[in-house]
Protein chains: 2
Amino acid sequence: MAQLCTSEDPDMFRSLLSRIGDKWTLLVIGVLGEERRRFTELTEIIPGISRRMLTVTVRALERDGLVSRTVYAEVPPRVEYELTALGRSLQLVALTLADWVSEHQHTIVGNRRSFDSDAREP
Amino acid sequence: MAQLCTSEDPDMFRSLLSRIGDKWTLLVIGVLGEERRRFTELTEIIPGISRRMLTVTVRALERDGLVSRTVYAEVPPRVEYELTALGRSLQLVALTLADWVSEHQHTIVGNRRSFDSDAREP
DNA sequence: CCGAATCCCGACTGATACTG
DNA sequence: CAGTATCAGTCGGGATTCGG
């Protein structure tokens, strides 16, 4: 319902929205949606992410129960992350979002271009 | 495709994502999804938004072609905003997102609580 | 290999005041 | 009514460094 956006608890709504809307979360979910990965793999697959931000992101996802973290008592250490059932359900939503973006991104880029050029010359 | 999250143009993906993921955009889209509104109406309906942030938000939406802005040459001035066809298509996506949040928010709050309490006491 | 802790900067936001 | 301008505070997140 659109009401969700306005009434009820906009804080909670926004809190979850900013979680998935932050810089890295959806990328991590997208990658983990394919298969479980270990820490260093993620840093290599996701372009530009730092170890710190990967740690922060993956901790937040674990806290929300979207990702599970498994530590193997080996040497060298190995830690694997994978989507939980809840995480996979979010991934489905994320994919519809990604579809929308891929379908309309060219339109939007064009809109921005014409808006910006209109603004310069009256 | 999940690939969209990783390869291709993650910048464009993130650019659109941070647009709809920012603090006010989805609330504005949610309100405008019901019916066209004028500026002051929006400030009254959306709890906590300042005139400045509303301006910034609707400008960005207009730039992307998601919202249309109509100025009536009256006195006092009247400006109305409404979703474009593109904006309505995004609204559909946003609603699936809102549904997911409303369905799982209690689970997530619970996950956070138990994660936080587990962290304190080993 | 995996991560925690610290420092720091630029971007985002809000309060306030002013204008057509 | 519908904005714009300016300034100050907060915060995400990147670089770097240290530990298990």
Side-chain angles (χ1 to χ4, degrees), chain A residues 10-11 14-28 31-32 36-64 67-82 115 118-120 122, chain B residues 10-11 13-28 31-32 36-64 67-82 115-116 118-120 122:
Chain A
D11 288 345
R14 197 145 51 206
S15 152
L16 290 184
L17 195 67
S18 62
R19 159 103 8 274
I20 73 167
D22 76 356
K23 193 170 180 181
W24 302 108
T25 295
L26 271 194
L27 298 184
V28 171
V31 170
L32 290 181
R36 64 207 320 261
R37 297 284 187 181
R38 48 196 301 189
F39 189 86
T40 302
E41 282 185 301
L42 289 172
T43 67
E44 289 165 354
I45 294 174
I46 300 172
I49 198 170
S50 64
R51 285 203 306 272
R52 175 185 135 79
M53 289 318 296
L54 179 57
T55 301
V56 170
T57 302
V58 97
R59 277 288 175 278
L61 288 172
E62 187 192 2
R63 187 171 101 106
D64 287 352
V67 158
S68 70
R69 175 173 178 271
T70 310
V71 182
Y72 296 89
E74 300 175 350
V75 51
R78 181 161 59 102
V79 179
E80 290 192 340
Y81 296 92
E82 67 179 324
F115 184 91
D118 290 356
R120 268 194 300 279
Chain B
D11 287 346
F13 184 74
R14 196 146 51 207
S15 152
L16 290 184
L17 196 65
S18 61
R19 160 107 0 279
I20 73 167
D22 76 357
K23 194 170 179 181
W24 301 109
T25 296
L26 270 195
L27 299 183
V28 171
V31 170
L32 289 181
R36 64 208 320 261
R37 296 285 187 181
R38 48 196 301 189
F39 189 86
T40 303
E41 284 185 299
L42 289 172
T43 66
E44 290 165 354
I45 294 174
I46 300 172
I49 197 170
S50 65
R51 286 201 304 271
R52 177 183 136 78
M53 288 319 296
L54 179 56
T55 301
V56 170
T57 303
V58 294
R59 278 288 177 282
L61 289 173
E62 187 192 2
R63 187 170 103 104
D64 287 351
V67 158
S68 71
R69 177 173 177 271
T70 311
V71 182
Y72 296 89
E74 297 175 358
V75 52
R78 183 160 59 101
V79 179
E80 290 192 338
Y81 296 90
E82 67 179 325
F115 184 90
D116 292 345
D118 289 356
R120 267 193 301 280

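Throughout, a chain's letter reflects where its sequence line sits, starting with A, and its residues are numbered from 1.
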Inset, instruction - Answer yes or no for B:R78 and B:Y72: cation-pi contact, defined as NZ/CZ to six-membered ring centre under 6.0 Å and angle to ring axis within 45°. - result: yes
Inset, instruction - Using the closest heavy atom to pick a nucleotide of DNA chain D for each, name whichever of A:P77 or B:E44 lands nearer the 5' end. - result: B:E44
Inset, instruction - Name the residue closer to the 5' end of DNA chain D, choosing between A:S50 and B:P76 according to the nucleotide with the nearest heavy atom. - result: B:P76
Legend entry - B:V56 vs A:V56, nearer the 5' end of DNA chain C by closest nucleotide: A:V56
Inset, instruction - Evaluate the side-chain proximity of B:W24 to B:L54: yes if any heavy-atom separation is below 4.5 Å, no if none is. - result: no
Inset, instruction - Taking the side chain as every heavy atom from C-beta outward, state whether B:E62 and A:F115 have any atom pair closer than 4.5 Å. - result: yes
Inset, instruction - Could you tell me whether A:Y81 contacts a base, only the sugar-phosphate backbone, or nothing, with contacts defined as non-hydrogen atoms closer than 4.0 Å? - result: sugar-phosphate
Between [N] and [X], is there an OP1 or OP2 to side-chain N/O distance shorter than 4.0 Å?
{"X": "A:R51", "N": "D:dG14", "answer": "no"}
{"X": "B:R38", "N": "D:dA2", "answer": "yes"}
{"X": "B:T40", "N": "D:dA2", "answer": "yes"}

For [X] and [N], give me the distance from atom [atom1] to atom [atom2], rounded to whole Å.
{"X": "A:R63", "N": "C:dG3", "atom1": "CZ", "atom2": "P", "value": "18 Å"}
{"X": "B:D22", "N": "D:dT10", "atom1": "CG", "atom2": "P", "value": "21 Å"}
{"X": "B:I49", "N": "C:dG14", "atom1": "CD1", "atom2": "P", "value": "8 Å"}
{"X": "A:E74", "N": "C:dC1", "atom1": "CD", "atom2": "C1'", "value": "11 Å"}
{"X": "B:E80", "N": "D:dG3", "atom1": "CD", "atom2": "P", "value": "12 Å"}
{"X": "B:M53", "N": "C:dG14", "atom1": "CE", "atom2": "C1'", "value": "9 Å"}
{"X": "B:L54", "N": "C:dT13", "atom1": "CG", "atom2": "C1'", "value": "14 Å"}
{"X": "B:R37", "N": "D:dA2", "atom1": "CZ", "atom2": "P", "value": "13 Å"}

Legend entry - Heavy-atom closest contact (B:L42 atom, B:I49 atom, distance): O-CG2, 4.4 Å
Inset, instruction - Of all the heavy-atom pairs spanning B:R69 and B:R59, show the shortest one and how long it is. - result: NE-NH1, 3.3 Å
Inset, instruction - Kindly indicate whether the side chain of A:R52 and the base of D:dG13 share any N or O donor-acceptor pair separated by less than 3.5 Å? - result: yes
